[in-house]
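What follows is a single structure, and I will ask about it in a moment.
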Amino acid sequence: MAIADKVISVLTNAIYISTVPFLLCAVVTFLVTTLIWRRLTYWSKYTWPPGPRGWPLVGNSLLIAPNSGQTNANITRIGKQYHPDMFTLTLYLGKKVLILNSYKAIKDGLIRQSELISNRPPDWPFKYINKNRKSVGIFFESYTNSWKREKKYMMRTVRHFGYGTSAAQPLIHREANHLVELIKKRNGQPCFLGNPVSLCFLNVTFSMIFSATYEEDDREFSKILNIIRNWFTPIFNMYDVEPLLPFLHRFGLGSRLKQGKRNTEDLLGFIKNHIDRHRVTLDPDNPRDMLDECLIEMAKGDPNSDLSRGFKEENLQWMLVFFILDQGDTTTGLFLFLILATAFHAEVQQRVFQEIQDVIGDRPPSQNDKEKMPYTEAVILETLRMDTNFWLWIAHFTAADVDVLGYKIPKDTSVIPNIYSVHFDPELWGDPEDFRPERFIDEQGRISKPEYLIPFSIGRRRCIGEQLAMKEFFLFYITLLQNFKFKLSESDPKPKLEAKFLEVFPEDYRVVAEPRE
Ligand code: HEM
């Protein structure tokens, strides 16, 4: 009996010992096969345009990293080697991104498929620096009903405070004259215009939003300006390899993100101080500015309002963040490019000045003068065409499987419209590298703006600040040229008249602003 038990026990053990590895092997084989099968069916279901081969783990991230020495032209050219209209980039861990690399592709993606390619990617580093890891604010939120209401409200408000000529024009005049005074203080010596231009553009926005203005030597303003200048890079950079180390973010580490988090908290704190002060002095019957209007609308709690009950102070803060960032960075950067182009091309400057003399003389410019000043407008449009710089930051995200120019792209893919590829397409412009405002003037001497000039993007995510920025450019530019003749500083190396990679500001340059008689 004892022997029989022993034999049974030995046999049972033997079966157990050989079964466990067998079962384990079977489970692993099953899982691997399922995974491979799912990958294969996944890949066979979708078709991607070709693109450059990436490195293991980091893909093409290094190719397009900020400070990689890369240029917009080079990235566009690399893409064209693979496909005339679009290409695929691989980021870390094999994540694929579709780059729309021609007007044809951008139109197909952002107009024909606008309902499906208007979300925002959830994996921007932004998510790690924000409280609750939530995407908030018009730019970062996906295309939902509450986002639609918020955007509608913001557009209406911008129109009310900024687009309505009567509201914005006096503010812009005041700040354009303020800028003239600040430049005069430089006594015709070579100087950087970045800070005074930012100050005066931001003062227009601060006046519209909080009825506040700042001076150049104000410490609070200097701090905010420093934050604005350094805000975009750590937060929009989804090509960064830091996301490979997600545990770092969990502990708030990762130097760039840490910096981004600090900047964001300071900027939100600055806005919150203004909100708190406004709440104390709010008169619901007499709104003073945009912030008052928003607070009154929010207090109603009306579910039918565009600022519905779901709209909280956090949403308001983020809405204002984009007003401030876009004025202090995007609009200022483009205006600096406009001054640089003006200083570069004496003949262009002379023609604009002549047009000012013919139409306006010494009186303050008005928005109504624009239609009589096609050359001045053409110079502004040419600046917007040439200074196409931050396109790689602008990611959309697919809400479902989509078909772009015959390629089947899966749901949850980042799609990036390369606006630079459109603005520098030789087939559309002939000589895209040249600064030539005449391209926007037709044979009758009128402005002719082709549909493929898209500095503010197209589709559902189109910029809401276009009207305000265009109006500011026109009025600020004319006021400056009425007062100064701009030249490049002869004691400095000649700057390049080209958009920098992933940066809104042009190359740092000094100009000489000679006062006009
Ligand atoms: C010349 C100056 C400006 C240029 C070239 C510009 C360009 C752009 C571009 C290309 C986008 C991305 C659109 C997309 O995702 O497809 C955008 C978005 C946006 N811009 Fe501007 N912008 C400028 C000034 C402004 C100003 C002054 C404001 C503030 C009033 C503003 C507010 C916004 C907002 C809120 C978005 C996000 C829109 C959305 O996600 O639906 N921008 N801008």
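By convention here, the first residue in the shown sequence is residue 1. Whatever order the structure lists ligands and atoms in, that order sets their numbers, starting from 1.
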Answer yes or no for Met470: is there a heavy-atom contact with ligand 1 below 4.0 Å?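 No; Met470 lies far enough from ligand 1 that no heavy-atom distance drops under 4.0 Å.
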Show the atoms of ligand 1 that are less than 4.0 angstrom away from any heavy atom in Leu334. 1 (C), 2 (C), 5 (C)
Can you tell me how the ring of Phe473 sits relative to the ring of Phe335, calling it parallel under 30°, perpendicular over 60° and tilted otherwise? parallel
For the residue pair Phe201 and Phe476, categorise the inter-ring angle as parallel (less than 30°), tilted (30 to 60°) or perpendicular (more than 60°).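 It falls in the parallel class, under 30°.
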Trp318 and Trp231 aromatic ring geometry - parallel, tilted or perpendicular at 30°/60° bounds: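 Plane angle between 30° and 60°, so tilted.
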For atom 13 (C) of ligand 1, grab the closest protein heavy atom and report residue, atom and distance to one decimal in Å.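 Protein heavy atom at minimum distance: Arg461 O, 3.0 Å.
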Could you tell me whether the side chain of Ser414 reaches within less than 4.5 Å of the side chain of Leu98, counting heavy atoms only? no
Polar side chain donor-acceptor pair, Glu181 to His178, under 3.5 angstrom: no
Check ligand 1 against Gln327 and write out every atom of the ligand that is under 4.0 Å from a heavy-atom position of the residue.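 Counting from 1, the qualifying ligand atoms are 27 (C).
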Option set Pro417, Ser114, Pro455, criterion heavy-atom distance to atom 10 (C) of ligand 1, minimum: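 It is Pro455 whose heavy atom sits nearest to atom 10 (C) of ligand 1.
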Close approach, Glu472 and ligand 1, non-hydrogen under 4.0 angstrom: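 No; Glu472 lies far enough from ligand 1 that no heavy-atom distance drops under 4.0 Å.
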Which is closest to atom 2 (C) of ligand 1 in terms of heavy atoms, Thr331, Thr383, Asp387? Thr331
So for Trp147, does at least one of its heavy atoms come nearer than 4.0 angstrom to any atom of ligand 1?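 Yes; Trp147 lies near enough to ligand 1 that a heavy-atom distance drops under 4.0 Å.
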Is Lys449 close enough and on-axis enough to Phe440, meaning under 6.0 Å and within 45°, for cation-pi? no
If the threshold is 4.0 Å, N to carboxylate O, is there a salt bridge linking Lys272 and Asp276? yes
Could you find the nearest protein heavy atom to atom 12 (C) of ligand 1 and give me its residue, atom name and distance?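 Atom 12 (C) of ligand 1 sits closest to the protein heavy atom Ile394 CG2, 3.7 Å.
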Identify, by atom number and element, the atoms of ligand 1 in contact range of Lys151, meaning under 4.0 Å from any of its heavy atoms. 38 (C), 39 (C), 41 (O)
Taking only heavy atoms of Arg120, which atoms of ligand 1 are found under 4.0 Å from at least one of them?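 Here the atoms of ligand 1 in question are 14 (C), 15 (O), 39 (C), 40 (O).
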Could you tell me whether Arg120 and Glu141 have a side-chain N and a carboxylate O separated by less than 4.0 Å? no
Could you check atom 16 (O) of ligand 1 against the protein and tell me its nearest heavy-atom contact, residue, atom and distance included?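 Of every protein heavy atom, Ser457 OG, 2.6 Å lies nearest to atom 16 (O) of ligand 1.
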Ring center gap for Phe139 and Phe322 short of 6.0 angstrom: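 Yes, close enough.
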Donor + acceptor pair across side chains of Glu355, Thr376 (<3.5 Å):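 Checked: Glu355/Thr376 side chains pair up, N/O donor to acceptor below 3.5 Å.
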In the protein, what heavy atom is nearest to atom 36 (C) of ligand 1, and what distance, to one decimal place, separates them? Phe139 CD1, 3.9 Å
Could you please tell me which protein N, O or S atoms lie under 2.8 Å from atom 21 (Fe) of ligand 1? Cys463 SG
Is any side-chain heavy atom of Phe484 closer than 4.5 Å to one of Val180?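 They are in side-chain contact.
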If you count the non-hydrogen atoms of other residues, nucleotides and ligands that lie under 6.0 Å from NZ in Lys104, is the total more than 12?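 Atom NZ in Lys104 is not crowded, with 12 or fewer foreign heavy atoms closer than 6.0 Å.
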